[in-house]
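Report on the structure given below.
Letters go in sequence order (proteins before strands), and every chain restarts at 1.
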Amino acid sequence: MTKDDSYFGEKEIDLEKEIEDLKKKETSQIELVWLRFKRNKLALFGLGVLLMLIIVAIFAPILAPHDPIKTDIYNTRAYPSLEHPLGTDQLGRDTLSRLMYGARIALLIGLLVVFVSGGIGVTLGLIAGTKGGWIDEVIMRTVDAFLAFPTLIFGLALATSLGFGLYPVIIAVGLVMWTRFARITRGEVLSIKNEMFIESAEAIGESKTHIVLRYFLPNILPSIVVMATIQIPWAILAAAALNYLGVGIQPPTSSWGEMVKSGSVYMQFNPLLVTVSGMAIVITVLAFNFVGDGLRDALDPVRRGGK
Amino acid sequence: MSSDIHVGDPLLVIEDLKLEFKTEEGTVKALDGINITVKKGEIHGVIGETGCGKSVTSLTTLGLLDNNARIRGGEVLYKGVNLLKMNDEDLRQKIRGNEISMIFQNPSTSLNPVYTAGEQIKESVVIYQSDDKKEAQKLVLDELDRVKLPDPEDVYDKYPHELSGGMQQRVMIAMMLACNSNLLIADEPTTALDVSIQAQFLKILRGLKESRDLSILYITHDMAVISEICDVVTVMYGGQIAEKADVHELFKNPKHPYTIGLIHSVPGVMESIEEFETIPGTVPRLINPPSGCRFHPRCEYAREICKEKKPELEEIEKDHFVACHFWEEVE
């Protein structure tokens, strides 16, 4: 730099003081969110439950006391014992082990469904919001059409036509749920579309794609993250419902939905199976919801108390 | 695009620009025959009240108008090329940032809230100077230092909301400077700043003009700022030009009643004024503008002819233009 580049003489005193003040309160964005999140005890509890669930799912082969698909016809519908802490099912398989392996399926479904539906929904929402005009119309009317179907029937039809197994369930539930992401994304895009920082990005000659990826997407990310945590339990529930109805994942692979179904058949003899598998679903769904609520409040204090 | 333009040559020429907005209430004639010439190395001030078309003029230059705007005539020539005829992609690649950059009114909303100050300046450094990561970072720190931000390393990692308004505005300038453009459009850049910060900001701009021969189109509603920084001033009223002159000439010898009103309504600019006056009435709504001279309902010199005939812009002295039927009587 030459001397000519110096535009004015002295650095100002008040600004230096300002910088000092800023240095003192070194709190990053993430720390701030965590501080607000911590205040919500339910959310903290939910987070604890989720962490436990994730550990159980990852280490299921080590933690599970038995092979989840090994049958024992001499010990069916057993009550809790030291060997089988939560009893056995109608084929003598260990309930606790099956629950643990079921957690893997449940979490996998939850996450992958959100990836699929979020991927489709956010992409289409971004396109609809930024392009506007007839593209916007086409996308949003498609969303309306999807929403007009009863979700479960639609999912059932999709899953049946896609065949059995884990991935058909994920694709079916994902295709049912992307509409919410599309709506949220489009709404958020429209709300920041006229912000000056978008205009100033245009003014320095940034490309359209760049503006979408670096300006729109990061700014709407908090809403999408919150949406995702609310959608995960939804996906788990929907998948469980499909399994309960007999489509999707088939025995002997353990899924919570399938466990509720087999347990309900002999509920009057031994209600333990249907109860614990049902509880597993309820607790997981609630935990995700608590975390989602906590995140929403922590990321956007303005919205607290609303909706 | 030729680059052999020297100081004093016209860089941006806006000629007889006419522009309308379609709204539900009707057509708003936002600009009606605007002529502005910004020369290389000159700070050209555009002044007028809210809604007189100042900002629209600048947005037209960059092609950033909303969809409901219709250009009804005129040309915007930059280095001899008509920007109005360029498509959006060409404007983006050849003009925006590259040749013309813009500072907006409110620095706190003009910065992307999710990136640090340094990251944002790096955006323009990477496009216009160097895409080498290490070098880009160093160039960003240079830019921050250049706009006199104390402790550039620290500011680099700050998010916009962690900076004060004055610092945000400097970050904005650094971001625009990093584009190395020839013309800077500043759209009321000091409105959101307090007076002491404002003075520093003007100093930076004037320094830039001198060291880089940067041309600046400075849009404001503040006569005091105009007197502080501009070389040439265009006074706009109701989408038309009321008066245009060299800054000294304008303050010494204002000829349009509106200019006089503006000067008199600022305390302290003219020492001889003991009590400041206001201009009666409000800015006309441009859906249904007043007939003849648009200023006539608020003008103390107005007569019959003012209601009927629009006054033409006359050159009353060298480089001093006035659009008023009775400029000779005005004092």
Side-chain angles (χ1 to χ4, degrees), chain A residues 1-32 131-133 188 192-223 299-300, chain B residues 59 62 64 67 91-98 100-115 120 123-124 127-128 142 145-151 154-155 158-160 162-164 166-167 172 175-176 178-179 181 185 196-197 200 203-208 210-212:
Chain A
M1 242 193 340
T2 61
K3 246 190 171 171
D4 284 344
D5 275 351
S6 174
Y7 298 128
F8 62 82
E10 256 124 330
K11 295 183 177 181
E12 305 296 320
I13 305 152
D14 58 335
L15 274 167
E16 249 157 10
K17 195 175 150 282
E18 236 165 85
I19 292 278
E20 279 308 310
D21 288 347
L22 279 176
K23 271 185 184 160
K24 271 180 217 154
K25 54 170 183 91
E26 283 286 358
T27 332
S28 76
Q29 289 285 72
I30 294 163
E31 276 175 285
L32 216 67
K131 289 273 178 200
E188 293 284 318
I192 61 167
K193 204 175 182 178
N194 291 325
E195 291 282 341
M196 288 309 272
F197 65 86
I198 302 286
E199 204 158 321
S200 57
E202 282 172 1
I204 64 167
E206 300 270 27
S207 73
K208 289 239 164 67
T209 338
H210 193 94
I211 290 177
V212 169
L213 294 181
R214 293 265 302 173
Y215 288 76
F216 280 109
L217 195 56
N219 275 292
I220 63 175
L221 211 56
S223 317
L299 288 171
D300 187 0
Chain B
L59 289 176
L62 282 178
L64 292 176
N67 289 333
L91 269 177
R92 181 177 80 67
Q93 285 184 353
K94 294 180 190 151
I95 300 297
R96 286 181 208 150
N98 221 347
I100 308 175
S101 54
M102 187 158 176
I103 303 177
F104 294 92
Q105 184 168 355
N106 200 337
S108 60
T109 57
S110 302
L111 292 169
N112 190 345
V114 297
Y115 294 114
Q120 298 193 46
E123 298 265 306
S124 31
I127 303 179
Y128 298 108
D142 285 353
D145 194 53
R146 205 176 277 221
V147 291
K148 297 298 162 200
L149 272 162
D151 206 350
D154 195 54
V155 175
K158 290 278 183 243
Y159 286 91
E162 296 174 306
L163 301 170
S164 69
M167 292 162 87
M172 268 304 281
M175 194 169 150
M176 295 308 164
C179 300
S181 39
I185 299 178
S196 60
I197 304 283
Q200 295 172 10
K203 242 179 184 173
I204 296 177
L205 285 191
R206 218 180 313 147
L208 280 172
E210 271 147 33
S211 65
R212 272 201 199 178

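No more than 12 heavy atoms of other residues, nucleotides or ligands shown are found within 6.0 angstrom of NZ on A:K131.
The greatest number of non-hydrogen atom pairs below 4.5 Å with chain A, out of B:L91, B:L64, B:L62, is found for B:L64. Taking chain A as the reference chain and counting heavy-atom pairs below 4.5 Å, the highest number among B:N67, B:L59, B:I185, B:N112 is found for B:N112. Between chain B and the residues A:H210, A:E199, A:E195, the most heavy-atom pairs under 4.5 angstrom are made by A:E199.
B:Y128 contributes a side-chain N or O that, together with a main-chain N or O of A:I204, makes up a donor-acceptor pair within less than 3.5 Å. Checking side-chain atoms of B:R96 against main-chain N and O of A:E206 turns up no donor-acceptor pair under 3.5 Å.
Between B:E123 and A:Y215, the shortest heavy-atom contact is OE1-OH, 3.4 Å.
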